[in-house]
Amino acid sequence: MITQEEIKTEQGKVPYIEVKNLVTRFFTSKGIVKALENVSFKIYPGEVYGLVGESGCGKSVTSTSIMDLIPDPPGRILDGEIFIDNFNILSDLKSLAKIKVRSETDVKIKRNKSAIKRHNFILSKIRGNKISMIFQEPFLALNPTISIGKQISEVILLHNIIGMADSIIKRETMKTTDVDELLEQLAEINDYSMRKKIINQWTRNFGIPDLEASITSLLDHVTDQKYVAEQIAHMIEENQREINIDRIKEIRDYYTIERKIFELTLNQIQFERTGEIKKAQEAKAKIRAYKAMSKKKYFKLRLEMRFFSKRVLAIFHKEARRRVLELLTLVNLAGPEVVIDEYPHELSGGMQQRAMIAMALASNPKMLIADEPTTALDVTTQAQILELIGELNKVMGMSVLFITHDLAVIAEMCNKVGVMYAGNIVEETTTEEIFNDPKHPYTVGLMNSLPRADKKREKELKFETIPGNVPNLITPPPGCRFHPRCKFAMDICSLKKPKLTEVSENHKVACFLYSNESEDDVA
Amino acid sequence: MELKYYIIRRLLVLIPTLLGLLLLTFILLDALPKSFLIEQFVNHKLPIPAQNLEKQQAITTLGLNLSPPEQFLIYVNNLIHGNWGFMYPNSEGYGSYYSGPVLAGIMEYFPVTLEIAIFAVIFSIVIAIPLGTYIGSKPNSVSDQVGRVFSLSGYAMPTFFLALVLQIAINPYFPSFISGQGYPSYTHLSWIKSISGTEVSTPTHMLVFDSLLHGDFSLAAVAFGHLVLPVLALSYGFLAGLLRFIRAGMVDASNQEYVKTARAKGVPEKQVLRKHVRKNALLPSITVFGLVFSGLLGGAVVIEEVYDLNGLGRFGLSTVSGGYIQFFGILGTTLFFGIVLVMANLIVDVLYALMDPRIRY
């Protein structure tokens with residue numbers, strides 16, 4: 001739980017994800033489904049943000065919109081900004097498609113293929129790399145025909161080739177002076193955990209994480225520096241394989257150029273958005289030059305990668321496999337050596353979800369979207385998975401967007417909560433506040449429909465329910481979308497939409513009960 | 001390892017399947033009137049009593065006086081020993097139909113059918129997979145509609161019609177494609193005959209492959225040219241069926257949750273299609289492959305007649321159209337087609353197990 005002090009420091013922080021006025025629609029034959037209406041929120045690094053609401057309120061649409069995975073057709077993000085790590089992934093939204101709405105059921109969408117191609121190229125570098133996602137039903141979300149290990153290593157091979165190449169080159173060209181450096185570093189430090197950290201970092205740096213344990217024990221038990229250095233050098237020598245380093249360097253350089261093209265494309269899009277056409281054109285010319293250069297210089301490599309990518313990248317596949325084993329251990333999967341070659345149907349639901357989490361962690365993203373990750377699991381497994389996600393948040397400092405309809409899970413997991421109703425966020429505050437002092441009538445209704453074991457409820461063992469159903473989002477009620485079901489509905493509620501306004505520190509509510517707006521503003 | 005046991009088990013299951021097939025063909029044989037068969041052993045120029053005697057002799061030689069189970073055992077025994085019966089020369093003496101041992105006849109005629117079938121399967125797969133992938137990735141687009149028309153017409157068009165149309169349409173422009181004319185005969189080739197004039201080297205009995213094996217590329221090209229039209233005509237229906245199924249599989253697979261996962265991992269769009277969608281889309285098509293294959297063999301009967309190829313289809317046809325009803329010929333052909341189908345389905349099952357890890361053994 002975030003304390004008062006932490007909240008204050010939050011003011012200076014930069015949010016990792018910022019969603020602004022997100023509007024998502026689905027164009028169906030029955031009409032336009034207004035799934036999301038101006039949804040905005042921020043998630044800071046290390047925070048667990050919970051989105052809660054009834055089914056059909058737009059929680060999952062929000063999460064898929066952030067990844068821009070809305071299936072098109074029928075869905076489209078119409079408006080809004082989504083900043084992931086300070087880059088707005090929707091900056092080129094306007095150029096993607098032209099939408100003409102003639103009537104509810106007659107919508108013409110004209111897609112710009114080249115712009116969509118560029119958009120997908122950029123997103124493919126962001127998804128899984130900066131932000132990753134786990135799903136409600138792990139059995140459906142894992143590909144049944146590919147082994148667990150390959151599905152996870154796919155992510156690593158997509159996003160981490162350069163890093164892997166660096167560590168391979170370092171390992172293969174390692175000298176005794178490198179070992180001496182480590183020993184020098186360690187000589188000054190006596191703190192056990194610090195030593196461990198340094199050893200961990202060093203082994204990781206040289207791509208030999210599996211030697212970490214033996215090096216640590218060697219350093220702990222033997223004091224003769226010279227002997228230790230010899231032994232470590234020997235161990236590493238054994239680990240070195242006969243690898244064509246020039247080849248690896250070539251592959252690394254090739255991928256570096258690819259990355260450069262990606263960065264330039266980002267620049268280009270940003271310039272296009274701000275209207276600096278000259279700079280955008282410059283970036284475009286540069287991209288073209290790089291592409292031509294890459295095609296010319298790495299013609300042979302590209303050809304080989306196209307047809308024998310497995311053989312060309314064999315060493316990386318091996319390297320990735322190591323990392324996958326590490327990941328599977330990290331998510332507490334029993335027997336990672338066995339699981340890595342198994343197929344999804346051979347695992348239980350909980351194990352599948354752990355494998356999904358391992359996949360989501362594969363390229364060290366700073367943000368995880370968990371879309372009802374425990375709904376399809378049984379209760380004991382639920383607890384384990386929640387614990388695992390909580391641990392990852394604490395240990396690795398990963399932010400989590402947690403989507404659920406279960407308030408108990410929210411209480412256990414989240415720092416901050418957004419309550420969604422019919423495509424809007426109606427209340428947003430800290431977890432403590434939402435349970436102690438819920439403000440929006442819908443939130444209050446949600447709380448009252450929970451079975452509670454405290455004294456207050458003991459006498460009246462009746463659950464209150466919220467009357468009515470979630471509105472049809474093709475024809476949502478005007479004004480506040482909750483007003484037909486609301487006990488406190490006033491005249492203004494059906495006329496005007498309440499804005500999400502701050503009623504107290506860190507507590508925002510979208511309801512006229514708490515705002516000063518009067519009916520006069522309507523006109 | 002596991003796969004090995006699976007294949008062994010499938011092979012063991014093959015034994016009862018084949019026995020069932022034998023029984024079925026035997027019952028078919030038993031249901032036919034025998035007098036046709038017996039008449040073939042009778043010299044009609046002899047006086048009636050002598051004819052009756054010959055009939056009696058024929059019944060005992062053919063074992064028709066034995067009980068059906070005994071007959072069945074003798075039948076199986078003969079089959080195993082390679083005695084599949086005999087096809088008698090045409091009494092009227094017209095046409096150039098095969099006469100001689102049935103098994104030898106099948107062995108002589110089958111390679112031609114196999115040759116077209118191989119090329120037809122290869123051609124269909126090579127076309128259907130990429131085309132189906134492309135069409136299936138854009139459902140209801142213009143290309144999808146074109147593909148739909150293409151494959152539905154493939155379903156609807158009778159094979160003989162297409163074969164004739166191709167023959168007529170292409171004849172004036174590519175005379176080298178026309179079968180029957182200028183088709184190189186085995187007997188004139190120097191590498192087949194040794195100096196003494198005996199046949200020595202036709203390992204596959206298929207002209208294209210034999211000539212390729214001997215490095216005679218010009219002959220291979222000529223032989224292949226003659227196969228182009230039959231293969232095209234034969235594979236159209238097959239191709240159309242595969243295309244529809246791959247397209248349906250693609251549409252189905254691309255709506256699956258794991259495709260969303262793949263995109264969420266950052267897999268580029270092309271790779272999503274190639275790696276995640278297509279593999280799963282091909283699975284149902286593999287099963288269909290076995291079913292459609294029977295159509296391919298059936299089509300061969302017609303194609304061979306139109307294009308004047310001495311294949312197994314024609315062989316089968318000659319057993320009923322040569323004036324006599326060739327009992328053993330019908331039986332042998334039916335059995336052989338049955339064995340080929342069973343084998344094709346075995347291959348399909350093993351392929352499926354290879355592709356889909358969920359099928360375990």
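In what follows, every chain begins at residue 1, and chains take the letters A, B, ... in the order their sequences are listed.
- Neither the backbone nor the side chain of A:Ser147 comes within less than 4.5 Å of any heavy atom of chain B.
- Within a 6.0 Å sphere centred on OH of B:Tyr352, other residues, nucleotides and ligands contribute more than 12 heavy atoms.
- With a threshold of 4.5 angstrom between heavy atoms, B:Lys260 approaches chain A through its backbone and through its side chain.
- The environment of OH in A:Tyr290 is sparse: at most 12 heavy-atom neighbours from other residues, nucleotides or ligands sit within 6.0 Å.
- Pairing each heavy atom of A:Arg127 with each of B:Arg263, the nearest pair is CD-O, 3.0 Å.
- Contact of A:Gln136 with chain B is not made at all, since no heavy-atom distance falls under 4.5 Å.
- Once rounded to the nearest 0.5 Å, the distance linking CG of A:Leu123 with CD of B:Glu269 reads 10.5 Å.
- Of all the heavy atoms in A:Met133 and B:Ala264, the pair that sits closest is CB-CB, 4.4 Å.
- No more than 12 heavy-atom neighbours from other residues, nucleotides or ligands sit within 6.0 angstrom of NZ on A:Lys366.
- Closest heavy-atom contact between A:Leu158 and B:Lys265: CD1-O, 4.2 Å.
- Under a cut-off of 6.0 angstrom, the local environment of CZ in A:Arg259 is sparse, with at most 12 non-hydrogen atoms contributed by other residues, nucleotides or ligands.
- Inter-residue side-chain proximity for B:Pro357 and A:Thr145 is flagged as met; some heavy-atom pair is nearer than 4.5 Å.
- Nearest approach of A:His159 to B:Gly266, heavy atoms of both residues: NE2-CA, 4.1 Å.
- For B:Phe289, the CZ atom is densely surrounded, since the number of other residues' heavy atoms within 6.0 Å is greater than 12.
- Atom CZ of A:Phe262 has more than 12 heavy atoms from other residues, nucleotides or ligands within 6.0 Å.
- Counting heavy-atom pairs under 4.5 Å between each of A:Leu140, A:Val155, A:Asp68 and chain B puts A:Leu140 at the top.
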Any chance you could lay out the side-chain contact (heavy atoms from CB on, under 4.5 Å) test for B:Thr261 and A:Leu142, step after step, and finish with the verdict?
-> CA-CA 7 Å; B:Thr261 313; A:Leu142 288 165; 5.9 Å; no

Decide side-chain contact (heavy atoms from CB on, under 4.5 Å) for B:Lys275 and A:Lys150; before the verdict, give the C-alpha distance in whole Å, the side-chain angles of both, and the deciding distance to 0.1 Å.
-> CA-CA 11 Å; B:Lys275 216 168 155 186; A:Lys150 279 193 185 144; over 6 Å; no

